[in-house]
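Data first, discussion second: the structure below is written as structure tokens.
No experiment lies behind these values; they were computed from the predicted model shown. Order of the sequence lines sets the chain letters (A, B, ...), proteins ahead of strands, with each chain counted from 1.
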Number of protein chains: 2
Amino acid sequence: MKTAITVAIVEDKEPIRQSLAILVDGADGFSCQATFETAEAALEYLPSHCVDVVLMDIDLPGMNGIDCVRHLKLLCPGTQFMMCTMYDEDETVFDALKAGANSYLLKRSPPHKLLEAITELYEGGAPMSSTIARKIASSFHINTSAPNELDVLTPREREILDRLSKGYSHKEVANELFVSPTTVRKHIFNIYEKLQVHSKVEAVNKYLGRR
Amino acid sequence: MKTAITVAIVEDKEPIRQSLAILVDGADGFSCQATFETAEAALEYLPSHCVDVVLMDIDLPGMNGIDCVRHLKLLCPGTQFMMCTMYDEDETVFDALKAGANSYLLKRSPPHKLLEAITELYEGGAPMSSTIARKIASSFHINTSAPNELDVLTPREREILDRLSKGYSHKEVANELFVSPTTVRKHIFNIYEKLQVHSKVEAVNKYLGRR
DNA sequence: ATCAAAATCATACAAATGCGGTATTGATGC
DNA sequence: GCATCAATACCGCATTTGTATGATTTTGAT
């Protein structure tokens with residue numbers, strides 16, 4: 001028999017943790033090496049006992065699962081991380097991917113799917129729940145209805161937004177463009193209205209495109 | 001019996017086109033409505049006869065499959081597009097996603113997987129060959145190996161900086177982290193000192209690696 | 001020539017922010 | 001034990017920023 005895929009589980013809720021461990025350990029070709037109730041516990045043990053795959057809950061007490069992955073990814077470069085959670089909010093999904101996760105399953109997935117996914121992840125895939133996969137694919141679409149949100153801005157407004165993106169204050173922008181600070185503020189206010197934001201950081205994020 | 005999933009196929013190579021059509025039409029719950037040898041032919045017919053799913057080859061004579069999707073996506077908003085090709089080069093994959101494809105299968109996939117994928121796509125998923133999925137997931141990973149200025153920040157400071165990067169105000173960060181606004185301000189002040197910046201936008205730029 | 005949009009500037013107010021200092025607690029390291 | 005640092009918290013001040021209202025001038029298109 002070939003070597004089993006080694007797995008660790010980070011999940012604070014006792015019953016879920018137990019049933020995951022039993023599921024994994026009971027299946028042929030899988031071996032549950034460790035379980036943790038908290039991100040901190042995982043961070044303490046795993047770096048010196050790296051496993052193939054970590055099933056990571058996101059909503060943990062103390063440090064959350066995403067930050068935990070961010071750290072572990074550096075300490076266990078060969079380990080694959082599967083987020084395993086209830087939530088499928090956009091920000092959470094993308095933050096998890098940025099942190100280094102290669103898989104994202106919703107907890108409603110049936111047990112046999114989970115084992116399949118672990119294998120796929122181990123073999124170089126990136127198994128995702130279907131709604132998650134769709135979110136990710138959609139995030140690439142160059143939107144048809146709002147091709148460039150920035151198109152609604154006038155050239156002058158773009159010019160000002162560009163300065164803001166470099167961290168300039170109202171006054172600095174005004175000096176550079178040889179207009180009064182109040183003019184700059186008026187422009188910025190108009191920019192905010194058009195982009196539907198309420199602060200510099202939000203506007204700059206839209207300007208430079210997120211992700 | 002419920003309505004079959006309607007499918008169209010765009011593929012220039014005769015034998016492949018034929019076997020795909022037979023596979024789809026022969027399976028229960030699927031109906032192959034049309035096949036095309038070229039992107040141009042598909043663009044002429046499909047807008048007035050939209051189908052549920054289009055299997056699209058990329059390497060076509062004349063217009064390629066990606067540009068074809070780009071056009072069709074606007075004319076048939078409800079149609080799902082599955083790229084079905086030999087290539088798995090990065091640029092091709094991402095261009096296809098940007099054009100509006102929600103699925104990307106390599107031609108080496110076995111027939112039953114193809115039918116499964118069509119169903120998954122129709123039901124709101126985004127089925128990908130595993131190597132493709134991994135490429136996509138990896139494209140999100142943030143460059144953590146580079147010598148990072150952010151290493152000088154404490155975990156708490158990074159946590160706060162992350163919220164700032166999303167456009168949160170001091171108060172919003174405080175509420176989310178359950179600490180007082182003055183504490184947040186102190187953290188932010190420390191962050192500015194360490195990163196040698198003097199405003200949110202500058203700090204966020206460093207955090208997100210924007211030069 | 002006329003009209004609409006864009007760019008300019010002013011004034012005003014409330015809230016948010018940047019900067020400085022101080023202090024307590026708990027954890028870590030020497 | 002002692003020093004250091006992270007995290008927490010408060011006070012206060014000057015400035016910046018977000019929002020609102022209003023007005024004038026330039027410019028481009030019809």
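When only modelled atom types and interatomic distance are considered, T182(A) and S180(A) share a side-chain donor-acceptor pair under 3.5 Å.
Non-hydrogen atoms lying under 4.0 Å from DNA chain D are contributed by nothing in residues 37-45 of chain A. The stretch residues 157-173 of chain A has no heavy atom under 4.0 Å from DNA chain C, so no residue of it qualifies as close.
Counting only residues at least two apart or on different chains, no salt bridge (Lys or Arg N to Asp or Glu O under 4.0 Å) pair has a member in residues 42-54 of chain A.
When rounded to the nearest whole Å, the span between CZ of F178(B) and C1' of dA7(D) equals 17 Å. Across the protein-nucleic acid pair, L153(A) atom CG and dA6(C) atom P stand 10 Å apart, rounded to whole Å. Rounded to an integer number of Å, the gap from CD1 of I191(B) to P of dA6(D) is 12 Å. To the nearest angstrom, C1' of dA7(C) lies 14 Å from CD1 of I188(A). What separates CG of L177(A) from P of dC9(C) is a distance of 11 Å, to the nearest Å. Rounded to an integer number of Å, the gap from N190(A) CG to dA5(C) C1' is 11 Å.
With sequence neighbours excluded, the residues forming a salt bridge (Lys or Arg N to Asp or Glu O under 4.0 Å) with R17(A) are E14(A), E37(A), listed by chain and number. With sequence neighbours excluded, the residues satisfying salt bridge (Lys or Arg N to Asp or Glu O under 4.0 Å) with D67(A) are R70(A).
Under 4.0 Å is where a charged nitrogen must lie from a carboxylate oxygen, and between D95(A) and K166(B) at least one such pair does. Between R163(B) and E172(B) there is no salt bridge, since no side-chain N of the basic residue sits under 4.0 Å from a carboxylate O of the acidic one. Using a cut-off of 4.0 Å between Lys/Arg side-chain N and Asp/Glu carboxylate O, K200(B) and E202(A) are scored as not salt-bridged. The pair E11(A)-K107(A) counts as a salt bridge, with a side-chain nitrogen and a carboxylate oxygen less than 4.0 angstrom apart.
Checking the phosphate oxygens (OP1, OP2) of dT8(D), a side-chain nitrogen or oxygen of R156(B) falls inside 4.0 Å. Put simply, T183(A) has no side-chain N or O that comes within less than 4.0 Å of OP1 or OP2 on dA7(C).
Listed here is the closest heavy atom pair of V51(A) and V54(A): CG2-CG2, 3.7 Å. In terms of heavy-atom proximity, M56(A) sits nearest to C68(A) at CE-SG, 3.5 Å.
Backbone-only contact: S180(A) has heavy atoms under 4.0 Å from sugar-phosphate atoms and none from a base.
Judged by distance alone, the side chain of T119(A) and the main-chain N or O of L115(A) form a donor-acceptor pair under 3.5 Å.
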Short heteroatom pairs, N/O only, protein and nucleotides 19-24 of chain D, under 3.5 Å:
unit_1, atom_1, unit_2, atom_2, d
dT19(D), O4, R185(A), NH2, 3.4

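Between dA6(C), dA9(D), dA7(D), one nucleotide has an atom nearer to the side chain of T154(A) than all others, and that is dA6(C). Distances from the side chain of T182(B) to the nucleotides dA6(C), dT8(D), dC10(D) place dC10(D) closest.
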